[in-house]
Number of protein chains: 4
Amino acid sequence: MRIPIQISNDSAEPLYYQIEVQLKALILSGQLAEGALLPSIRELAQQLACSVITIRRVYQDLENEGILRTRQGTGTFVANVGQTARDNYRTDAVLTAMKEAILTGIRVKCTDAELEELFRAALQEVRDQEKA
Amino acid sequence: MRIPIQISNDSAEPLYYQIEVQLKALILSGQLAEGALLPSIRELAQQLACSVITIRRVYQDLENEGILRTRQGTGTFVANVGQTARDNYRTDAVLTAMKEAILTGIRVKCTDAELEELFRAALQEVRDQEKA
Amino acid sequence: MRIPIQISNDSAEPLYYQIEVQLKALILSGQLAEGALLPSIRELAQQLACSVITIRRVYQDLENEGILRTRQGTGTFVANVGQTARDNYRTDAVLTAMKEAILTGIRVKCTDAELEELFRAALQEVRDQEKA
Amino acid sequence: MRIPIQISNDSAEPLYYQIEVQLKALILSGQLAEGALLPSIRELAQQLACSVITIRRVYQDLENEGILRTRQGTGTFVANVGQTARDNYRTDAVLTAMKEAILTGIRVKCTDAELEELFRAALQEVRDQEKA
DNA sequence: GTGGTCTAGACCACC
DNA sequence: GTGGTCTAGACCACG
């Protein structure tokens, strides 16, 4: 099975973290359904061209968060997460990032109007980049 | 001279980075004018209750970025940065953070409307928190 | 891996600077290829008989200049620098030093002919010293 | 008396050193004749807008080198330097700087032809800059 | 007084 | 194993 995850060795973010964020997003947005079987550690490591240690950490972290479930000798599955929990999760990550961005703006004395303008500019840029 | 910087030893962000971000914001928002003399490394270290070396690193990093200018035996000053460069700098940091937040949202399949809603919610929360 | 760098504790130049200059030269002259893995900071520190921290500073400074790329837990690599950038870099350092020498000459009223004579004399001396 | 010395607070070179180099050049090139009376420490400090401590150091360093001569209560004079000593001095500084430049070039594997080319380019640039 | 360099040593995070 | 952060403390150079 092919997991649509992009990682960058040149990013400041650690590998394991890049993978966790994207895998979590795939699950919480419903692109990986509950009960779905994930690739084995070795297989995913090969797909992403990284170390098995890194993937092992990812699976373990997400299992600790209750998002994955590992059954010995069988594999790793998407756990049952309640719909409301799922919704909260989804928006929480975004909300946190938004607040971070807004705080950055406030530190350099942006007004609310400026912040909104910057939000729109950022959205525009991201959407443009998507098409290309 | 008293520099309004708050640091947290419990944060995941390294000390030096917390200080850099806030100091940069003070300068780029004009709260520290061009040519202003900053506290000596020893003094700021005492103010923030951290090591001289940590402050030295902060000053040096910002000097490498062209924001500060240090002269041995004299002190550390806010460098002359052109106004346009300053403006770009100011919004760049915010724009980058905004894009990061938006990408997080897109990964969990947020629509533009949802993103805007989350932006407004985050702004509201931050502003409420400010008053308290 | 053995890196051919000579340092002198008696020099007025700081240790970290001597190392930076020579390492940069090794990279920009192509003796260390793009993507090459450098010795670990601990290893190079041992080779050069200096502190780990001094080497760390070297690697970090060169990373800030975009010449190196370090990845935590993995190592430090020669970054991908465009060939033209590399060429410019290569000659820039020399050109700057040449101009400095020429300015010194002009201050003591050397004519162009004298400067050229001195250049040839210097080149001769350096080449002679090399053989010995 | 007006001494034609330019200093820059933004230079990496320490103030005292910038002044020493230029003052030495003025003397060794004959622009300040043997026996000439230099400005007082306070006066030169005012002219160059720097600390008297800095000028005191300059005069003292050059006196230690035998280039200046101070008489208590009278002032500081250009010392008697033999003509050959003067000539050696003159070319020594240039030769040293040239060798430094050449060594930089050799580190990045410049051929002799390239070095000569760079020398000519540098000379051209410096002369062009002079006219402007 | 200021900043600049170098040291040793500890502890953490990543792969 | 790797690099990343933070510490304390010493000594030097500059103004």
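Since the structure is predicted, the reported quantities are computational estimates derived from the model, not experimental observations. The basis for the numbers below is simple: all heavy atoms, side chains too, and nothing from hydrogens, waters or symmetry mates. Reminder, nothing fancy here: chain letters follow the sequence lines and each chain counts from 1.
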- request: Could you check how far CD of A:Gln60 sits from P of E:dC15, rounded to whole Å?
  value: 15 Å

field: Distance in angstrom units between B:Ile7 CD1 and F:dT5 P, rounded
entry: 15 Å

Who pairs with E:dA10 - Watson-Crick or G-U, where each distance is under 3.5 Å: F:dT5

field: Donor-acceptor pair between C:Tyr16 and C:Gln60 side chains, under 3.5 angstrom
entry: no

query: Just by distance, with hydrogens left out, do C:Glu65 and C:Tyr89 show a side-chain donor and acceptor under 3.5 Å apart?
result: yes

message: Checking side-chain polar atoms at under 3.5 Å, does D:Gln47 have a donor or acceptor matched by the opposite partner on D:Arg2?
response: yes

query: Would you say A:Tyr16 reaches E:dC15's phosphate, i.e. side-chain N/O to OP1/OP2 under 4.0 Å?
result: no

- line: Result for 5'-nearest mapping on DNA chain F, choosing between D:Pro14 and C:Gly75, is C:Gly75

message: Heavy-atom nearest nucleotide on DNA chain E for B:Thr74 versus C:Leu15: which residue maps closer to 5'?
response: B:Thr74

statement: To the nearest angstrom, the CD1-C1' distance between C:Ile55 and E:dT7 comes to 13 Å

field: Interatomic distance where CG belongs to D:Leu48 and P belongs to F:dC14 [whole Å]
entry: 17 Å

message: Tell me whether B:Arg56 is salt-bridged to B:Glu63, with the criterion being a basic N under 4.0 Å from an acidic carboxylate O.
response: no

Below 4.0 Å: OP1/OP2 of E:dG3 and any side-chain N or O of B:Thr76: yes

message: Strictly below 4.0 Å: does B:Ser40 bring a side-chain N or O up to OP1 or OP2 of E:dT2?
response: yes

message: Counting only side-chain nitrogens and oxygens, does B:Thr70 get under 4.0 Å of the OP1 or OP2 atom of E:dG4?
response: yes

task: Identify, between C:Gly73 and B:Gln18, the residue whose nearest nucleotide on DNA chain F lies closer to the 5' end.
output: C:Gly73

message: Does E:dC15 have OP1 or OP2 under 4.0 Å away from a side-chain N or O of A:Arg57?
response: no

message: Within the 3.5 Å criterion, strictly below it, is a donor on A:Glu13 or A:Ser11 matched to an acceptor on the partner's side chain?
response: no

query: How long is the line joining CZ of C:Arg69 and C1' of F:dT2, in whole Å?
result: 14 Å

- request: Using atom CG of B:Leu44 as one end and atom P of E:dG1 as the other, report the distance to the nearest whole Å.
  value: 17 Å

query: In whole angstrom, what separates B:Asp61's CG from F:dT5's C1'?
result: 12 Å

- request: Would you indicate which nucleotide in F:dA13, F:dG15, F:dC6 comes nearest to any side-chain atom of B:Gln72?
  value: F:dA13

task: Look at the side-chain N and O atoms of B:Arg56 and state whether any lies under 4.0 Å from the OP1 or OP2 oxygen of E:dT5.
output: yes

- prompt: Under 6.0 Å from the six-membered ring centre of B:Phe77 and within 45° of its axis: does the NZ or CZ of B:Arg69 meet both?
  reply: no

query: Starting at CD1 of C:Ile53 and ending at P of E:dC11, how long is that distance when rounded to a whole Å?
result: 15 Å

- prompt: Looking only at N and O atoms, is any donor in the side chain of B:Arg42 or the base of E:dG3 less than 3.5 Å from an acceptor on the other one?
  reply: yes

field: Closest to the D:Ser51 side chain, choosing from F:dG3, F:dG15, E:dA8
entry: F:dG15

message: So if I take every side-chain heavy atom of C:Thr54 and compare against E:dC15, E:dC6, F:dT7, which nucleotide ends up nearest?
response: E:dC6

